[in-house]
Amino acid sequence: MTGDDATVSGIARRYGSALYELAREQGAVDAVLADLDRFAGLLHESEDLRRLVHSPVFSAEEQLAAVTAVLARAGIGGLAGNFIRLTAKNRRLFAIADMIKAFRALVAQARGEVTAEVTLAERPSDARLRDIAEALRAVAGREVRLDLKVDPSIIGGLIVRLGSRMVDTSLKTKLTQMQLAMKEVR
């Protein structure tokens with residue numbers, strides 16, 4: 001882990017933990033989680049928002065103004081909105097995605113859940129998501145929260161990370177394995 005990664009990780013844990021404690025005290029954990037998930041979705045979908053968050057070119061005032069407009073348009077307010085604006089004001093917006101992950105991890109831990117990172121080539125139906133969650137629940141022996149990622153480059157299948165375990169049934173990996181096997185045959 002590089003020094004920068006450790007810094008982001010430390011910042012993310014401190015901010016995520018502070019937000020979780022505030023949300024818990026105010027009985028707003030679910031509302032904050034929903035708002036943070038919505039912001040994370042916006043961040044994932046918008047290249048411009050990612051550039052704003054990660055670029056050191058923008059001043060704290062510019063980031064704060066832009067984020068305030070995004071939050072207003074998305075209907076994100078309350079504790080989550082204040083938190084995101086605070087990260088912009090404090091020049092910590094670059095770590096917001098990791099802060100959200102830290103908050104999610106604390107919520108999952110408090111609920112006795114585990115989080116599984118599931119990567120698919122395209123957005124699955126709700127029925128398929130339920131099937132995946134049910135299968136993972138059977139393996140984990142407790143509730144599983146899905147952290148869904150869409151990556152068209154895997155072509156098909158899925159990649160699941162649950163704790164320290166990983167299962168890769170993606171078509172991309174299978175094709176790569178076949179290609180390596182064919183090279184050995186020659």
Hits for side-chain hydrogen bond (donor to acceptor under 3.5 Å, both in side chains) against E122, two or more places apart or cross-chain, chain-then-number order -> none
Is the closest basic N to carboxylate O distance between R51 and D48 below 4.0 Å? yes
Test side chain to side chain contact (heavy atoms under 4.5 Å, CB included) on L136 and V114 and set out the steps. CA-CA 10 Å; L136 291 172; V114 292; over 6 Å; no
dist L162:CG -> T115:OG1 (nearest 0.5 Å) comes out at 9.0 Å
Apply side chain to side chain contact (heavy atoms under 4.5 Å, CB included) to F94 and I11, showing your working. CA-CA 10 Å; F94 65 90; I11 290 169; 4.0 Å; yes
Locate the shortest heavy-atom distance separating A60 from K89; write the atom from each residue and the value. CB-O, 3.9 Å
Considering only NZ, NE, NH1 and NH2 on the basic side and carboxylate oxygens on the acidic side, decide whether R145 and D37 come within less than 4.0 Å. yes
Flag the pair Q63 / T87 as yes when at least one side-chain heavy-atom distance between them is below 4.5 Å, and no otherwise. no
Roughly how far, to the nearest 0.5 Å, is CE of M99 from CG of L19? 10.0 Å
V53-L86 co-clustered via ILVMFWY side chain contacts under 4.5 Å: no
So CE of M182 and CE of M178: to nearest 0.5 Å the spacing works out to 7.0 Å
Looking at every heavy atom in both A121 and V150, which two are closest together, and how far apart are they? O-CG1, 3.6 Å
Would you say that I155 contacts L175 through its side chain, given a criterion of any heavy-atom pair below 4.5 Å between the two side chains? yes
For Q109, is the CD atom crowded, meaning more than 12 foreign heavy atoms sit under 6.0 Å from it? no
Is there side-chain contact between L106 and R13, with heavy atoms separated by less than 4.5 Å? no
If you look at every heavy atom in Q26 and L79, which pair is closest and at what distance? OE1-CD2, 3.9 Å
Can you find a pair of side-chain heavy atoms, one from L71 and one from F39, that are under 4.5 Å apart? yes
Side chain to side chain, R137 and E143, heavy atoms closer than 4.5 Å: yes
Please round to the nearest 0.5 Å and tell me the distance separating atom CD1 of I96 and atom NE2 of H54. 10.0 Å
Please check if the side chain of E62 supplies one atom and the backbone of S59 the other of a donor-acceptor pair under 3.5 Å. yes
Answer whether the closest heavy-atom distance between the side chains of L52 and S46 falls below 4.5 Å. no
Side-chain (N90) to main-chain (R92) donor-acceptor, under 3.5 angstrom: no
Tell me, please, which residues at least two apart from K149 pass salt bridge (charged side-chain N to carboxylate O under 4.0 Å, His left out). E117
Would you say the side-chain atoms of E113 pair up with the backbone N or O of R142, donor to acceptor, closer than 3.5 Å? no
Where is the tightest heavy-atom contact between D35 and G77, given as atom of each residue plus distance? OD2-O, 3.5 Å
Pair R104, L33 - check side chain to side chain contact (heavy atoms under 4.5 Å, CB included), show working. CA-CA 7 Å; R104 285 178 183 153; L33 182 61; 3.8 Å; yes
Does V139 share a hydrophobic cluster with I159, counting links as ILVMFWY side-chain heavy atoms below 4.5 Å and allowing steps through other members? no
Are any of the side-chain heavy atoms of I154 and L171 separated by less than 4.5 Å? no
How close do G16 and F103 get, heavy atom to heavy atom, and via which atoms? O-CD1, 3.8 Å
If you compare all heavy atoms of F58 against all heavy atoms of R91, which two are closest, and at what distance to 0.1 Å? O-NH1, 2.6 Å
Would you check if L36 and I84 make a side-chain contact, meaning some heavy-atom pair closer than 4.5 Å? yes
Would one find more than 12 heavy atoms of other residues, nucleotides or ligands at under 6.0 Å from atom CE of M166? yes
Under 4.5 Å between side-chain heavy atoms, hopping through other hydrophobics if needed: is there a path connecting L64 to I76? no
Quiz question: by atom type and distance under 3.5 Å, do the side chains of T176 and T173 form a donor-acceptor pair? no
At what distance, to the nearest 0.5 angstrom, does CG of L120 lie from CD1 of I132? 5.0 Å
Does any N or O in the side chain of T169 come within less than 3.5 Å of the main-chain N or O of L158, such that one atom is a donor and the other an acceptor? yes
Measuring from atom CG of L49 to atom CG of L43, what distance do you get when rounded to the nearest 0.5 angstrom? 5.0 Å
